[in-house]
Amino acid sequence: MSYRGLVIVLAAIAVTLSACSGNHSIPGTPHARGGGSVSPTNTPAPAPSTGSVAAVTTALSNVEAYYQTLPGTDPQSDVASVAAQMVSSGAFASATAGPGAISATLKDGTPIVVFTDRVADLLATSAARHRDGIVVGPPAGSTIGPPTQHEILFLVNELDSAAFTPANQLQFGQAFNNLGFASAGAQVDVASITLENIVALGSTHPLDFLDIATHGAVVTLQPGGPQFYVNISNTPVTQASQAQYASDLAAGRLVYAFVLQKSKTVSTFTTFAFTPAFLIEHATFNPGAIVDNESCFGQSPLTAASVETAFQLAGAGQYLGWTKPVAGPSADQTDAFLFDRLLGEQSPSLTGLDTFVAQRTPAQRPFALPFVEGVMQTETRSDGIGIGTETYAQDAYPTNYVYPPSADGVYSRFIVSDFGSASIPNLPMEYGLPSIRFVDVDERPAPVMGIHGTFPSVQGSVTITNASGTYMAPIEEWQPEEVLVDIPNEGAGASGLVTVFSGPNGTGVASDSAPLTQWSGTAQYTDSEAITDMNGAVGTGSGSLAAAFSFHFRSDVQPAVVAVDTTPEPENFAFNDFEGDSSGSITSVAGSFNAASQALLGAATATFSLGNPGPIAPFSTASPPSNFDSLPVPAASAPPSCNDATPGPRPGANDVSCRQFTYEAFGAIACSDNVQNHLCLAPGGSSGFILGEFQPEFLTLTLDPSTYAVTATLPAIAPYEGAGFYLGNGHDGDSKATVTLGISINPPVDAPSAAPSLSRTRSSRGR
């Protein structure tokens, strides 16, 4: 089913202890982890009396038997009838229907919660929808793994297969594993939502992410007392479990519970419901941990403030939940959308999340959690979340409870409460997986590549892969939005697929891969010039020079997905200079000059030949210093057709790069004369050439966005007065030089079309 319609509200809150008061409190709230303490604001529920297991079982069996006699056509009316019958039967001292449950107490004061949050359980059975009873006891292999420092845990109600689909949570967990979270130091577990599994977390499984998929309700644990939020567990009530959790029962962190349902076979499975305080008492949260509650009423306005406060004080950075009832499949699809856009794996998907949600073509990169949650506010869907809990072809039941004041109306909304997570250092990786938006290169003598996007706070590693191999790029700087690495000019690492990993040496979670594309080309330059004076002597002469250049440049030109669920934007075809291994040489120099007869010089003649210019390369430090460049034409003087030469994605086409092509070669021209070097001044002449600074001509490089081929265009260069030949040494440059420049550019290397960069390299990790 495509995901087209979640309504989500982002609530940026800063909850204080004062919010945890009155009818917004958590029973038995434990000492806060990470600083301070939370004092309970209510009297704990009384400890259950001896023999209450038998009493609870008997009482609830009678409740379910009575419920089977009701018509099952109006769940709200039936729930009210059940609550009234519970009191009139004499077994219960009180029973009050509320959001998602009946809050009741036995004659001895023992609190009991009867869950009514799932409408399908409350309706009459049919061939299409019925219950065959509940399996008692969790299935095998549903416990959490060995100790870890980063726990990603999916707790799911595995006993209520009509309401929940544990296979979905298994797929969610597998999606995290397939992307390398285990090798990044995290453990991913999908487990039955038993009290034993929660207690086993302790301090040896500090949570980065906790997902809860079970029944939820707002209840009153004592007549006239405050309202609390509870979730149902898969742990059955027995004499042994009652004794094991006696302190939690006495503190009000646990309460007896069962699910009211229509079924072919009546099977009363009495279990425990737990408050958030039970989770906080027995689990540890890494700073900034995310608690994702898929259950009903997790963000009910009646209890949201106290729940948020409790998790915030325990160290969580975000709490997610639903304001009203929500169908299990709908909640799963909401989570699937969140995970799919967060993990960034698209079809063909290694995560399998493409079976849950509609995906974009081309594929999208991973996006940081806040960006995904932001775009979810615009999502709409038509699968029954809108009004009530579930929508079937044969029935549509509106929301059971309207709790004034309520801004939600009849809609169940998914609320994200953020506790200022942006200011928490070393957040869990879920807030920002490695994700590349674009890359660029500063072609300095030792080139440095900038990788822009979102990255974990803890430094990882970067690889660049091409036909020459995989290059492990040394990290210069690691920031949450930019990583700087050293790269070579040629060979492995000069171009190819750039991938950022959360762990060292190419381990952990991998980012999307961005291709750094490289081009090579050649240029032929000639300069023919009339010479009318040398060193103050007038006369006639000419000189010619030819130079050849071999150059490389590189750029990221792959369209970039800038925001979640948006069309990729083209990259600006931009580079700051030629690569440092580009080179040139003066191939020929010729010419002569004859001075007019003068008293001091007489018949003076000079001859030009090839000198010793040294290597001609960008950033050259040779002596004499000779270099050449291709620099962007300044935006102030560039025509509208030129891009702004700034790397990164831009709206619309930005495929034209206007360049200044320059070179300067000292010592390029040797000069000899017959008058003791009076015409030729040591140490010899040089040649220079500039396009685009002193005259309007400039080089235009145009990128074909389909093939990524680059072509060079240069208008005919009109004769101009300059000093292209024999720069300085008495040549004043008052004659016109005739210049030609020819450039050809080879096909691209590691172009996006030749490298499917949006897939991730995971040969070391299978599904």
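Atoms considered below: every heavy atom in the structure, side chains included; atoms not considered: hydrogens, waters and symmetry mates. If you read the sequence from its start, that first residue is 1, and numbering goes on from there.
For the pair T271 (side chain) and T235 (backbone), a donor-acceptor distance under 3.5 Å is present. Judged by distance alone, with hydrogens and angles left aside, the side-chain atoms of D189 form a donor-acceptor pair with the main-chain N or O of G145 at under 3.5 Å. Checking side-chain atoms of S89 against main-chain N and O of M86 turns up a donor-acceptor pair under 3.5 Å. Of the possible donor and acceptor atoms, one in the side chain of Y319 sits under 3.5 Å from a partner among the backbone N and O of G298. With hydrogens and angles disregarded, no donor-acceptor distance shorter than 3.5 Å links the side chain of Q149 to the backbone of T204. Within the 3.5 Å criterion, the main-chain N or O of G288 finds a donor-acceptor partner in the side chain of Y431. Within the 3.5 Å criterion, the main-chain N or O of G216 finds a donor-acceptor partner in the side chain of D117. Side chain of Q299 to main chain of F414: no donor-acceptor pair is present (N/O by atom type, distance under 3.5 Å, no hydrogens or angles). A donor-acceptor pair under 3.5 Å is formed between the side chain of S306 and the backbone N or O of T303. Within the 3.5 Å criterion, the main-chain N or O of P146 finds a donor-acceptor partner in the side chain of Q187.
The shortest distance between side-chain heavy atoms of E294 and V326 does not fall below 4.5 Å. Counting only heavy atoms from C-beta outward, the side chains of T284 and H205 never approach each other to under 4.5 Å. Between T214 and S295 there is a side-chain heavy-atom pair separated by less than 4.5 Å. By the 4.5 Å heavy-atom criterion applied to side chains, E196 and V199 are not counted as neighbours. Residues V56 and V237 fail the side-chain proximity criterion, which asks for heavy atoms closer than 4.5 Å. F164 is not listed as a side-chain neighbour of Q169, based on a closest heavy-atom distance of 4.5 Å or more. The shortest distance between side-chain heavy atoms of P75 and T116 does not fall below 4.5 Å. Within the 4.5 Å cutoff, the side chain of D335 has heavy atoms near those of the D211 side chain.
Side-chain N/O atoms of T238 and S241 include a donor and acceptor closer than 3.5 Å.
Nearest heavy atom pair, residue V82 against residue Y66, reads CA-CE2, 4.0 Å. In terms of heavy-atom proximity, L153 sits nearest to A191 at CD1-CB, 4.3 Å. The shortest heavy-atom contact between I102 and A95 is CG2-CB, 4.0 Å. Across L221 and G252, no two heavy atoms sit closer than the pair CD1-O, 3.7 Å. Scanning both residues, A97 and A83, for their nearest heavy atoms gives N-CB, 4.4 Å. The two atoms that bring W322 and A331 nearest to each other are NE1-CB, 4.0 Å, heavy atoms only.
None of D160, N231, N157 except one satisfies the side-chain hydrogen bond (donor to acceptor under 3.5 Å, both in side chains) rule with H215; the exception is D160. Across D208, L210, L320, a single residue satisfies side-chain contact (heavy atoms from CB on, under 4.5 Å) together with I290, and that is L320. Of the residues T105, I112, V114, the one that meets the side-chain contact (heavy atoms from CB on, under 4.5 Å) test with F92 is I112.
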Check the pair N62 / Q85 against side chain to side chain contact (heavy atoms under 4.5 Å, CB included), numbers first and verdict last.
CA-CA 10 Å; N62 292 334; Q85 191 275 340; 5.9 Å; no

V190/F176 under side chain to side chain contact (heavy atoms under 4.5 Å, CB included): CA gap, chis, key distance, verdict:
CA-CA 11 Å; V190 180; F176 280 85; over 6 Å; no

When you look at T220 and T96, which way does the side chain to side chain contact (heavy atoms under 4.5 Å, CB included) test go after all the steps?
CA-CA 8 Å; T220 303; T96 303; over 6 Å; no

Is there a side chain to side chain contact (heavy atoms under 4.5 Å, CB included) between L313 and T309? Walk through the geometry before answering.
CA-CA 6 Å; L313 292 174; T309 299; 3.8 Å; yes

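Here CG of N177 is found 11.0 Å from CD of Q171. Values are rounded to the nearest 0.5 Å. In this structure, L60 CG and L106 CG are separated by 7.5 Å, a value rounded to the nearest 0.5 Å. One distance of note links CD of Q242 with CG of L249; it measures 7.0 Å at 0.5 Å rounding. Taken to the nearest 0.5 Å, the CG atom of L353 stands 10.0 Å off from the CZ atom of R341. Considering CD1 of I212 and CD1 of I232, their distance stands at 13.5 Å, rounded to 0.5 Å. Put simply, CD on E64 and CG on L260 are 7.0 Å apart, with the number rounded to the nearest 0.5 Å.
Not less than 6.0 angstrom separates the ring centroid of F115 from the ring centroid of F258. Between F181 and F209, the ring center distance fails the sub-6.0 Å criterion. Taking the centre of each ring, F172 and F356 come in below the 6.0 Å mark. F311 and F419 have their aromatic ring centers separated by at least 6.0 angstrom.
Between Y256 and F272, the ring planes lie tilted relative to each other; the angle falls in the 30° to 60° range.
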